Amino acid sequence: MSDNGITIESYRHVAPKGAVDFLARLSERVRGRRFVHVNSTRSGGGVAEILTRLVPIMNDLGIKAEWEVIEGDPEFFATTKAFHNALQGTEQVFTDAMLEHYQAVNRANAGRRRLDADLVLIHDPQPAAMIESRPPEGRWVWRCHIDLSSPQRRAWAFLRRFVVRYDAAIFSLPAFAQQLPIPQFLVFPSIDPLAAKNRQMSRKEIHKTLEALQVPLEKPILLQVSRFDRFKDPIGVINAYRIVKRYHDVRLVLAGGGATDDPEGAQVLEEVREAAGRDPDIYVLDLPSNAHLQINALQRAATIVIQKSTREGFGLTVAEAMWKGKPVVGGATGGITAQIIEGVTGYTVNSVEGAAYWIRYLLASPQLIRKIGEAAREHVRQNFLITRHLRDYLSLLVHLAR
Ligand code: UDP
């Protein structure tokens, strides 16, 4: 058993049949190998969330997995934040001093860490330049979690100089792949079915949690969980709800968070509140960042989950809702289209009217809601659970660290 008690065995009852045994067989081939992950934060954000679970499970499987976190000063993180934005398409200014400092911090970090391993997986741009200090032994792979579909050219040209020195790169969606002279792999993100966000909840616990959030349960709930961000189209969700509301007495819950430390988020939240007006059936919830169980309960209480993004990276909220057996009506963009099989596990839409149409279609048939929800849960079980993520990383280790 790993030091914080997460074992691969605990996933046997949720993972697809045979998955845990397969992982055990796969790990036999790389037992005792050193597999180091490097990122820039121990907590907060999807990457840290997944590593918190993946690393102990890998150790439980007999792999010497370690997780190193790089350190940097505020200037460094200002630069990497600018990278993050530029690589996702927002124009940013970079000075030579910023770029030099970025490299210097990477060099200093590399000097302080044990990077001799069979496989080193460098997550995202922050530690990408550590490749300059790679030891002669071992394979290095750059794992990109961000949306690289339309990067600002100068930022990508700078980062690419480091990326090409890796043995391979991993992207989260086919659309994020780049012209590179190294092998590229596709690894979808995943959700952890045993984490607070997704674990089983009793009906009583769901009721109590919703009661604490002051969301009543006597009407069907349409739910969207997402940061208050224009690309998530919360206003479009309200407009779709208004159309649906003419035919069905439903309630809309828009649950988000993080608006307090994001000036644009605060503005979007304000717009959402204004658009909701005095409608007593619209609930706008500004949740703290650790509201995992609340989100879990909301997703479980919902009748239909909406993720009407107009632009999206992967869209983990879609997998989270599908895992809870909910049909999702989602924007036809990014990873949402990789998760929703049209008419089988949900519906993808390109407009407010489209969203309203499929929500009405579903509300008219409780049987269809159940059927799509079941298919959605199975689809997530097969493709988007942490056990599949683990299989992909172990396969990479087997493949590269021969
Ligand atoms: N989330 C959260 N609180 C919020 C809004 C979102 O914990 O107020 C979680 C959500 O459950 C999901 C993640 O943040 O796990 C959002 O990931 P997604 O890929 O859907 O969108 P992103 O925010 O990365 O664009």
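Keep in mind the model is a prediction, meaning the values are calculated, not measured. Read the numbers this way: they start at 1 and go in the same order the structure lists the ligands and their atoms.
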Undergrad: Over 60° means perpendicular and under 30° means parallel, so tell me whether Phe171 and Trp142 are parallel, tilted or perpendicular.
TA: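 Phe171 and Trp142: perpendicular rings.
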Undergrad: Could you say whether the N/O atoms of Arg227 and ligand 1 ever approach to under 3.5 Å?
TA: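 There is such a contact, yes.
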Undergrad: So for ligand 1, is Ser226 a polar contact partner (N or O within less than 3.5 Å, distance only)?
TA: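 For ligand 1, there is no N or O atom that lies under 3.5 Å from one belonging to Ser226.
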Undergrad: Output the list of atoms in ligand 1 that are nearer than 4.0 Å to some heavy atom of Gly257, sorted by atom number.
TA: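 Numbered from 1, ligand 1 contributes 4 (C), 8 (O).
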Undergrad: Could you give the side-chain donor-acceptor pairs of residues 93-100 under 3.5 Å, partners two or more places apart or in another chain?
TA:
{"residue": "Thr95", "atom": "OG1", "partner": "Met98", "partner atom": "N", "Å": "3.1"}

Undergrad: Between Tyr361 and Trp358, what is the ring plane arrangement, given parallel below 30°, perpendicular above 60°, and tilted in between?
TA: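 The arrangement is perpendicular - the two ring planes meet at more than 60°.
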Undergrad: Number the atoms of ligand 1 from 1 as they appear, then name those within less than 4.0 Å of a heavy atom of Gly315, with their elements.
TA: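 Near Gly315, meaning under 4.0 Å from one of its heavy atoms, ligand 1 has 19 (O), 20 (O).
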Undergrad: Hey, looking at atom 20 (O) of ligand 1, which of Asp286, Leu316, Ile295 has the closest heavy atom?
TA: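 Nearest option to atom 20 (O) of ligand 1, by heavy atoms: Leu316.
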Undergrad: Would you check whether Ala291 reaches within less than 4.0 Å of ligand 1, judged by its heavy atoms?
TA: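 False for this residue.
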Undergrad: For the residue pair His207 / Glu211, report whether a side-chain donor-acceptor contact shorter than 3.5 Å exists.
TA: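 Side-chain D/A pair, Glu211 to His207: absent.
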Undergrad: Can you tell me if Glu312 has a non-hydrogen atom under 4.0 Å from ligand 1?
TA: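 Per 4.0 Å heavy-atom rule, Glu312 contacts ligand 1.
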Undergrad: Judged by atom type as modelled, is there a donor-acceptor pair below 3.5 Å linking the side chain of Arg391 to the main-chain atoms of Phe22?
TA: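 Side chain of Arg391 to backbone of Phe22, a donor-acceptor pair under 3.5 Å: no, none is there.
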Undergrad: Quick one: CE on Met58 to CD on Glu66, what's the gap to the nearest 0.5 Å?
TA: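 The CE atom of Met58 sits 12.5 Å away from the CD atom of Glu66.
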Undergrad: With a cut-off of 4.0 Å, which atoms of ligand 1 are near a heavy atom of Glu320?
TA: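 The list of qualifying atoms is 10 (C), 11 (O), 12 (C), 15 (O).
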Undergrad: Please list all pairs passing the salt bridge (charged side-chain N to carboxylate O under 4.0 Å, His left out) test where one or both residues lie in residues 21-32, with sequence neighbours left out.
TA: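 Matches after skipping sequence neighbours: Arg12-Asp21.
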Undergrad: Below 4.0 Å from ligand 1: does a non-hydrogen atom of Gly313 turn up there or not?
TA: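 It does not, in that no heavy atom of Gly313 comes within the 4.0 Å cut-off of ligand 1.
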Undergrad: Which ligand 1 atoms does Lys232 reach within 4.0 Å, using its non-hydrogen atoms?
TA: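 Close to Lys232: 21 (O), 22 (P), 23 (O), 25 (O).
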